[in-house]
Visitor: 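What follows is a single structure, and I will ask about it in a moment.
The structure displayed is predicted, hence computed values, not measured ones. Counting from 1, the numbers follow the sequence of the chain as shown. Every number for a ligand or one of its atoms is a count from 1 in the order of the listing. Values below: all heavy atoms of this structure, side chains included; hydrogens, waters and symmetry mates excluded.
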Amino acid sequence: MTQSIEPHFRRLLVTGGAGFIGSCFVRDRMARRDGTQIVVLDKLTYAGNRANLAAVEADPEQAARFRFVVGDIADSHIVAPLVAEADAVVNFAAESHVDRSILEPVDFLRTDVLGVHVLLEACREQQARALAGDRASAPRLLQVSTDEVYGSVETGESREGDRLEPRSPYSSAKAGGELLARSYFVTYGLDVVITRGSNTYGPFHHPEKLIPLFITNAIDDQQLPLYGDGLQRRDWLYVADHAGAIGHVLEHGRSGEIYNVPAANERTNRDVVAALLERLGKPWSLVRTVADRPGHDRRYAMDGTKLAALGWKNAMPFEEGLAATVDWFRDNEAWWRPIKSGQWEEYYRRQYSARLANSRDAG
Ligand code: NAD
Ligand code: DAU
């Protein structure tokens, strides 16, 4: 894995840093002990979890370089002073679950579009200060986006210049956020870089998503609701590789550019589920075919030439990463059991009760 020895950006504002990928970015970056100071701004929605950053907060040397602020990226009063103290903003904050965007889209627009706008305006304010000589340079903004903005890709691999054809409220909101970010580069000359990552998995993954949902359900011998024929294809990226790629683009990416972050681990959902059941020693009979996700994207796949040319290479092979992930969930029930209670039960009923009642053997 290629990593910069001397980071250019020493004071980072990491928004959404209590979520799955953001917290991995923060933990890994802080563990380098290179003097980087990080402020995390996170609204602590159902998906945010301060326990994800416990390792940082429990380490005196890291804790001295770290601050946690609870707040909304769409609130300019909270955002502006934090951006004023940052050399760069790395925006992980988002509503991130496609199924929830189908149930209730409005929070996705608020955070994934309007929240990005607030961050951009705060950066623009600092750009004006830099031009006036009040700070050395304008902050860089890295917008974390997704392969879902390309829409469903039946064949071949999406390249950065391809048309965006998002098909869910989630992916449309993410496309809106990144288009806005790019427009601030073009229109105002703001220092913006964008990454489009593929399906990510690993420790601390919220149990609403396929891999952690199926691992934790299987541990409890509960049914596994597989949408449609289960032959949809995703490209699975280990979380530390995704976080590392984002750090690499932050340091080395060219302003105004977009970088795909693929994994080269394309699998059908059926294959992924079979592999995790095998690792757990649980039977396929737990898997149930249920009603499909409306507008379900069949396949995502991206070309990674541009990121490779920037000097980034992923480290984790899929089989090893999946085994490590299964083992982590088996060993960390104290982390996920509280998440699968309270509000979760209502969500689970709404999303799966009727589906499971009408399910059939997955063959
Ligand atoms: P996540 O849902 O686990 O975490 C999102 C975090 O953002 C949470 O901590 C949440 O509390 C916080 N947040 C939500 N709304 C906020 C707001 N208005 N203000 C401040 N904080 C807010 O998400 P994730 O899976 O870690 O994804 C992180 C980013 O990466 C997202 O932008 C997502 O679109 C993108 N992405 C995710 C994947 C994936 O497979 N998980 C792949 C590609 C891109
Ligand atoms: O591709 C990147 C995207 O990956 C990110 O931008 C999103 O934030 C992230 O949530 C993820 O989106 P997906 O919709 O691909 O992930 P999810 O884990 O929800 O679903 C993966 C596949 O598994 C998809 O084909 C739907 C299917 N699935 C999912 C769930 C939750 C099921 O069959 N059953 C389920 O219960």
Visitor: Within a distance under 4.0 Å of any heavy atom of A93, pick out the atoms of ligand 1 and give their elements.
Guide: 7 (O), 20 (C), 21 (N), 22 (C)
Visitor: Which atoms from ligand 1 have a heavy atom of A94 less than 4.0 Å away?
Guide: 5 (C), 7 (O), 14 (C), 31 (C), 32 (O)
Visitor: Under 3.5 Å between some N or O of ligand 1 and some N or O of S96?
Guide: yes
Visitor: What I want to know is whether D42 and ligand 1 share at least one N or O pair that is separated by under 3.5 angstrom.
Guide: yes
Visitor: If we set the cut-off at 4.0 Å for heavy atoms, which region of R196 has an atom near ligand 1: side chain, backbone, both, or neither?
Guide: neither
Visitor: Run the numbers for me: atoms of ligand 1, each under 4.0 Å from some heavy atom of F92, listed by number.
Guide: 28 (C), 29 (C), 31 (C), 32 (O)
Visitor: Using a strict cut-off of 4.0 Å, indicate which atoms of ligand 1 neighbour a heavy atom of V144.
Guide: 29 (C), 30 (O), 32 (O), 35 (C)
Visitor: In chain order, what residues pass the side-chain contact (heavy atoms from CB on, under 4.5 Å) check against L103, with sequence neighbours excluded?
Guide: Y347, R350, Q351
Visitor: Does the Lys NZ or Arg CZ of R293 fall within the cation-pi geometry relative to Y227 - under 6.0 Å from the ring centre and within 45° of the axis?
Guide: no
Visitor: Check for me whether E208 has a heavy atom closer than 4.0 Å to any atom of ligand 2.
Guide: yes
Visitor: Just go through Y170, Y150, W236, Y352 and tell me whose heavy atom is the nearest to atom 31 (C) of ligand 2.
Guide: Y352
Visitor: With no hydrogens and no angle check, just 3.5 Å: does a side-chain donor-acceptor pair link S23 and R27?
Guide: yes
Visitor: Is S145 touching ligand 1 with its side chain, its backbone, both, or neither, if touching means heavy atoms under 4.0 Å apart?
Guide: backbone
Visitor: What do we get for T15 next to ligand 1 when only non-hydrogen atoms under 4.0 Å count, side chain, backbone, both or neither?
Guide: neither
Visitor: Given the rule that I, L, V, M, F, W and Y join up when any side-chain heavy atoms are under 4.5 Å apart, are I211 and L231 in one cluster?
Guide: no
Visitor: May I ask you to check whether R129 and Q126 show a side-chain donor-acceptor distance below 3.5 Å?
Guide: yes
Visitor: What is the nearest protein non-hydrogen atom to atom 16 (O) of ligand 2, stated with its residue, atom name and distance?
Guide: N199 ND2, 3.5 Å
Visitor: For Y170, take its heavy atoms, then give the atoms of ligand 1 lying under 4.0 Å from any of them.
Guide: 33 (C), 34 (O)
Visitor: So if I count the atoms of ligand 2 from 1 in the order they appear, which ones are less than 4.0 Å from some heavy atom of S96?
Guide: 7 (C), 8 (O), 9 (C), 10 (O)
Visitor: For atom 3 (C) of ligand 2, find the nearest protein heavy atom and state the residue, atom name and distance (0.1 Å precision).
Guide: E148 OE2, 3.0 Å
Visitor: Numbering the atoms of ligand 1 from 1, which are under 4.0 Å from a heavy atom of D72?
Guide: 17 (C), 18 (N), 19 (N)
Visitor: Mark up the atoms of ligand 1 that fall under 4.0 Å of a heavy atom belonging to N199, in ascending order.
Guide: 40 (O)
Visitor: Hey, is A74 touching ligand 1 through its side chain, its backbone, both or neither, going by heavy atoms under 4.0 Å?
Guide: neither
Visitor: If I apply the N/O under 3.5 Å rule, does E95 come out as touching ligand 1?
Guide: no
Visitor: Using a distance-only test with no angle check, is there a side-chain donor-acceptor pair under 3.5 angstrom linking Y46 and E208?
Guide: yes
Visitor: Does H206 approach ligand 1 within less than 4.0 angstrom via side chain, backbone, both or neither, non-hydrogen atoms only?
Guide: neither
Visitor: Taking the minimum heavy-atom distance to atom 15 (N) of ligand 1, which of T111, I78, L119, V261 ranks first?
Guide: T111
Visitor: Do we see a donor-acceptor contact under 3.5 Å between the side chains of Y150 and R196?
Guide: yes
Visitor: Would you say the rings of F20 and H206 are close, in the sense that their centroids are separated by under 6.0 Å?
Guide: no
Visitor: Go through ligand 1 atom by atom and flag the ones less than 4.0 Å from a non-hydrogen atom of G71.
Guide: 19 (N), 20 (C)
